[in-house]
Amino acid sequence: MRTHKCGEVTGTDIGSEIKIVGWTNKWRDHGGVVFIDLRDRSGLVQVVFSPESDEAVHKAAHKVRNEYVIQVSGSVRARPEGTVNESLPTGAVEVVVKEFKILNECKPLPFMVDDDTDASESLRYKHRYLDLRRPIIQKNLILRHKTTKAFRDYLDGEGFLDIETPILTKSTPEGARDYLVPSRTNPGSFFALPQSPQIFKQILMVAGLERYYQIVRCFRDEDLRADRQPEFTQVDMELSFVNSEEIMTLIEHMIKHVFKEALGTEIKEQFVRLTYKDAMDRYGCDKPDLRFGLELADVSDLVKDSEFKVFLDTLKRGGIVKAIAGKGLAGYSRKDLDDLTKEVQGYGAKGLAWIKIKDDYESPIVKFFPDGLLDKIKERLGAEKGDLMLFVADRVNVTNDCLSRLRNELGRRLELISDNVYKFAWVTDFPLFEWNEDEKRHEAMHHPFTSPMEEDLELFFKEDAESQSRIRAQAYDIVLNGCEIGGGSIRIHKKEVQDRMFHLLGIEAEEANSKFGFLLDALDHGAPPHGGLALGLDRLVMIMCGARSIRDVIAFPKTQKAACPLSNAPSEVSAKQLEELGIKLDIKE
RNA sequence: GGGGUGGUAGUUCAGCUGGUUAGAACGCCGGCCUGUCACGUCGGAGGUCGCGGGUUCGAGUCCCGUCCACCCCGCCA
């Protein structure tokens with residue numbers, strides 16, 4: 001149907017007869033001469049209908065409207081002097097139409113197909129076939145394609161096999177809420193859609209496949225966010241006979257390959273290494289944005305010499321006092337400070353103490369600090385005149401949580417966060433367990449198949465909760481610009497260790513057997529040491545695109561209520577379907 | 001489950017302390033226009049003010065409820 005693509009008509013085609021097809025991006029009817037910008041995936045080119053070349057064709061051109069699909073035959077020529085469009089790659093040429101055909105018409109549009117459309121998301125998703133015509137979205141999908149291709153190429157080169165795992169699988173305890181699928185042939189029983197192919201990929205290792213990968217859909221029935229969809233894609237990998245260092249090295253090379261191939265960006269520096277403890281101490285979270293500094297400092301040992309009751313009481317109860325220095329923010333108004341205070345209170349802090357460093361220290365609380373103490377605090381924070389010192393005093397986790405969010409907020413306010421900068425970090429030495437206060441039991445921080453560190457195995461077999469809380473995991477997260485883009489671990493490959501793990505998680509042998517028996521059996525039949533990692537593809541591509549939302553890199557995303565405005569899924573089903581499945585509805589009003 | 005913002009023409013929005021016939025831009029339809037590329041120009045059509053109640057002589061505007069979209073908290077091993 002065509003000899004050229006619209007965006008690829010160039011000066012070298014001048015004089016030749018070509019045939020192109022595409023959508024009418026814009027038409028300009030001057031009465032005498034009609035211009036149409038014809039668009040296909042490759043770009044735009046201007047076509048000209050002039051009465052001099054063909055009266056009938058020129059007349060018919062008046063019928064064309066936006067988004068009509070047309071086919072054009074004509075000759076390429078240089079545009080007349082003074083009419084070159086510098087802002088268009090094809091702006092030096094135009095196609096003089098000799099023949100054209102309307103291949104399809106288009107009803108009036110619900111919104112303009114245009115990169116800077118400001119149509120609402122729900123309208124765009126309802127007519128996603130129009131929304132996806134916008135070059136800016138196509139660019140994202142193209143980058144996503146290049147990214148997955150680069151992953152596949154790299155992994156293929158490293159001897160990884162792409163192996164599919166079941167989508168209809170088994171519900172497992174722990175983790176997110178499952179999406180369930182009823183089984184018609186087993187009334188009353190349900191499949192679950194996988195939250196990840198975790199167990200299957202481990203079984204592939206036991207089976208001797210040695211290197212597995214899959215770019216695979218995962219499902220979690222939890223509430224949505226700008227960076228969270230109920231179905232999302234992981235680059236999922238598992239390797240046998242490796243340690244965590246070897247895995248991290250491989251992943252680092254892979255990521256650099258992908259950034260170079262898909263984005264043309266060379267990541268030169270080595271990924272930063274942080275232990276979990278370092279990350280928490282210095283940034284208050286396990287996914288710090290390393291594009292800026294503003295590190296936190298623990299000042300508990302200093303403020304214990306003050307007379308500020310809030311701090312002293314917190315310390316007495318086993319809490320801590322940490323602080324951060326806002327560079328150049330000593331001029332903050334009462335309202336600015338109130339806003340910041342409200343922000344941290346939203347995350348559980350009781351308040352935010354502040355001290356401005358001007359010629360003197362300025363704050364309602366300076367009177368509680370003896371001479372010299374404030375200098376020591378200032379020194380520890382690396383603060384100087386003109387800065388604002390902000391303090392949170394609370395339990396360790398609340399303090400860290402609030403200050404890490406405050407740190408990100410200050411990073412934004414001080415405009416320290418630049419796009420097109422990629423700061424990677426590995427976070428390692430995670431605790432194996434996280435204490436669940438509600439249920440009074442340990443939960444796996446990563447997942448229940450994560451191996452404890454060799455040197456902590458002794459603790460692993462001790463009975464007291466305090467020892468157990470000190471066990472570190474052979475787990476590692478990969479962080480990019482303050483976003484967790486992936487994580488993995490060395491897995492448990494010995495049955496007795498896995499049994500012990502379930503025991504510590506409060507999962508009885510019987511339950512473990514019914515839920516994970518097939519994995520436990522496999523571990524008992526010559527399971528090799530193995531480990532792996534999964535990367536969140538959507539989030540990664542989102543960062544690479546500079547997109548604000550994960551929905552901008554997914555062709556058919558769901559709304560915050562986990563619905564699809566295009567297909568209207570989910571929807572009710574017929575009584576017959578329910579009957580076949582043995583399902584009766586009991587909807588709470 | 002909770003907090004916030006929004007919902008008025010096809011679209012994006014304005015609409016003041018409640019008051020006559022709800023406006024603008026873009027889009028759409030028609031006319032004019034031979035060098036535009038945000039074309040210009042003249043004219044026209046287009047509204048259940050998300051939905052349901054209430055207050056009032058009178059509600060787009062105030063109150064209550066509800067639905068939807070987005071952002072966040074909880075949740076997401």
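Bear in mind the structure is a predicted one, so any value in this text is a computation, not a measurement. When reading the values below, keep in mind they use all heavy atoms of this one structure, side chains included, and skip hydrogens, waters and symmetry mates. Numbered from 1 within each chain, the chains take letters A, B, ... in sequence-line order.
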- Note on the structure: Across all chains, not counting sequence neighbours, the side-chain contact (heavy atoms from CB on, under 4.5 Å) partners of Ala226(A) are none
- Do Lys170(A) and Phe191(A) touch side chain to side chain, with heavy atoms closer than 4.5 Å? no
- Note on the structure: Re C76(B): Watson-Crick or G-U wobble partner, both distances kept under 3.5 Å, found to be none
- Query: Just by distance, do the side chain of Arg28(A) and the backbone of Phe35(A) share a donor-acceptor pair under 3.5 Å?
  - Reply: no
- Note on the structure: Phe232(A) meets the ring pair (Phe, Tyr, Trp, His ring centres under 6.0 Å) criterion, sequence neighbours left out, with none
- Item | Spacing of Glu94(A) atom CD relative to U34(B) atom C1', expressed in whole Å | 12 Å
- Letter by letter from the 5' end, nucleotides 8-14 of chain B scores (B base, S sugar-phosphate only, - none; protein heavy atoms under 4.0 Å) --SSS--
- Query: Lys558(A) has an atom NZ; how far is it from atom C1' of C68(B), in whole Å?
  - Reply: 18 Å
- Euclidean distance for C1', G60(B) against U20(B) (whole angstrom): 16 Å
- Task: Establish, from distance only, whether the side-chain atoms of Gln468(A) and His442(A) form a donor-acceptor pair under 3.5 Å.
- Result: yes
- Atom OH of Tyr347(A) to atom P of G74(B): distance rounded to whole Å? 8 Å
- Can you sort out which residues in residues 218-229 of chain A have a heavy atom within less than 4.0 Å of RNA chain B? Ascending by number, please. Arg220(A), Glu222(A), Asp223(A), Arg225(A), Ala226(A), Arg228(A)
- Is the backbone of Pro448(A) close enough, under 3.5 Å, to the side chain of Gln498(A) for a donor and an acceptor to pair up by distance? yes
- Message: Counting only Watson-Crick pairs (N1-N3 plus N6-O4 or O6-N4) and G-U wobbles (N1-O2, O6-N3), all under 3.5 Å, who is the partner of G40(B)?
- Response: C32(B)
- Message: Can you tell me the base-pairing partner of U11(B)? Count Watson-Crick or G-U wobble geometry only, both distances below 3.5 Å, and say none if there is no partner.
- Response: A25(B)
- Item | Phe49(A) CZ - C37(B) P separation (whole Å) | 18 Å
- Set of side-chain contact (heavy atoms from CB on, under 4.5 Å) partners for Lys98(A), sequence neighbours left out: Glu17(A), Ser75(A)
- Note on the structure: When both distances are under 3.5 Å in a Watson-Crick or G-U wobble arrangement, the nucleotide paired with U5(B) is A69(B)
- Message: What contact category does Arg405(A) fall into here, base, sugar-phosphate, or nothing, at under 4.0 angstrom with non-hydrogen atoms?
- Response: sugar-phosphate
- Message: Rounded to whole Å, please give me the gap between CG in Asp178(A) and C1' in C76(B).
- Response: 12 Å
- Which whole number of Å gives the distance between the P atom of C49(B) and that of G53(B)? 13 Å
- Check every strand shown and say whether Thr559(A) touches a base, only sugar-phosphate, or nothing at a heavy-atom separation below 4.0 Å. sugar-phosphate
- Closest to the side chain of Asn85(A), out of C70(B), A69(B), C37(B), is C37(B)
- Task: For Pro51(A), report the nucleic acid contact type (base, sugar-phosphate, nothing); a contact means any heavy atom under 4.0 Å.
- Result: base
- Comparing Gln46(A) with Gly346(A), nearest RNA chain B nucleotide closer to 5' gives the residue Gln46(A)
- Item | Rounded distance (Å) that lies between atom P of C76(B) and atom CD1 of Ile550(A) | 17 Å
- Rounded to whole angstroms, how far apart are CD on Gln560(A) and C1' on C68(B)? 11 Å
- Item | Whole-Å C1' distance, G23(B) and G46(B) | 14 Å
What nitrogen or oxygen pairs link the protein and nucleotides 44-51 of chain B at under 3.5 Å?
none

- Task: Would you mind reporting whether Thr24(A) and Asp37(A) have side-chain heavy atoms less than 4.5 Å apart?
- Result: no
- List in numerical order all residues of residues 23-39 of chain A for which some heavy atom is under 4.0 Å away from an atom belonging to RNA chain B. Lys26(A), Arg28(A), Asp29(A), His30(A), Gly31(A), Gly32(A), Val33(A), Phe35(A)
- Message: The criterion is side chain to side chain donor-acceptor pair (under 3.5 Å); which residues satisfy it with Asp336(A), sequence neighbours excluded?
- Response: Ser333(A)
- Item | Residues forming a side chain to side chain donor-acceptor pair (under 3.5 Å) with Arg405(A), sequence neighbours excluded | Asp401(A)
- Query: Is a donor-acceptor contact shorter than 3.5 angstrom present between the side chain of Arg77(A) and the base of G35(B)?
  - Reply: yes
- Query: C1' atom, A59(B) versus C51(B): distance in rounded Å?
  - Reply: 16 Å
Can you give me every donor-acceptor pair (side chain of residues 129-136 of chain A, partner residue at least two apart or in another chain, under 3.5 Å) with its distance?
from	atom 1	to	atom 2	distance (Å)
Tyr129(A)	OH	His127(A)	ND1	3.1
Asp131(A)	OD1	Arg124(A)	NE	3.0
Asp131(A)	OD1	Arg134(A)	NH1	2.6
Asp131(A)	OD2	Arg124(A)	NE	3.0
Asp131(A)	OD2	Arg124(A)	NH2	3.2
Asp131(A)	OD2	Arg128(A)	NH1	2.6
Arg133(A)	NH1	Glu67(A)	OE1	2.8
Arg134(A)	NE	Asp114(A)	O	2.9
Arg134(A)	NH2	Asp115(A)	O	3.1

- With no hydrogens and no angle check, do the side chains of Gln345(A) and Tyr347(A) hold a donor and an acceptor under 3.5 Å apart? no
- Do the side-chain N or O atoms of Gln195(A) get closer than 4.0 angstrom to the phosphate oxygens (OP1, OP2) of C76(B)? no
- Would you mind classifying the nucleic acid contact of Glu443(A) as base, sugar-phosphate or nothing, using non-hydrogen atoms under 4.0 angstrom? nothing
- Task: For G2(B) and U66(B), measure between their P atoms and round to the nearest Å.
- Result: 10 Å
- Query: How close or far is atom P of C72(B) from atom CD of Glu409(A), stated in whole angstroms?
  - Reply: 13 Å
- Query: Taking a pair as Watson-Crick or G-U wobble with both distances under 3.5 Å, which nucleotide is matched to G46(B)?
  - Reply: none
- For the residue pair Ser196(A) and Gln234(A), establish whether any side-chain heavy-atom pair is separated by less than 4.5 Å. yes
- Please, which pairs that meet side chain to side chain donor-acceptor pair (under 3.5 Å) have at least one residue in residues 480-497 of chain A, sequence neighbours excluded? Glu238(A)-Arg491(A), His447(A)-Arg491(A), Thr450(A)-Ser489(A), Ser489(A)-Arg491(A), Lys495(A)-Asp499(A)
- Determine the interplanar angle of the Phe460(A) and Phe433(A) rings, folded into 0 to 90°, and report it as parallel if under 30°, tilted if 30 to 60°, perpendicular if over 60°. parallel
- Any side-chain heavy-atom pair of Cys564(A) and Tyr125(A) under 4.5 Å: no
- Message: Heavy atoms only, 4.0 Å cut-off, all strands: where does Glu52(A) land among base, sugar-phosphate and nothing?
- Response: base
- Taking RNA chain B as the partner, which of residues 55-71 of chain A come within under 4.0 angstrom of it by heavy atom? Arg65(A), Asn66(A)
- If we only count heavy atoms from C-beta on, is the Thr172(A) to Phe516(A) side-chain gap below 4.5 Å? yes
- Item | Whether Asp178(A) side chain and Leu180(A) backbone form a donor-acceptor pair below 3.5 Å | no
- Query: For Ser196(A), which contact category applies under a 4.0 Å heavy-atom criterion: base, sugar-phosphate, or nothing?
  - Reply: base
- Would a 4.5 Å heavy-atom cut-off, applied to side chains only, mark Leu168(A) and Pro166(A) as touching? no
- Message: So Arg548(A), base contact, sugar-phosphate only, or nothing? Heavy-atom distance under 4.0 Å.
- Response: nothing
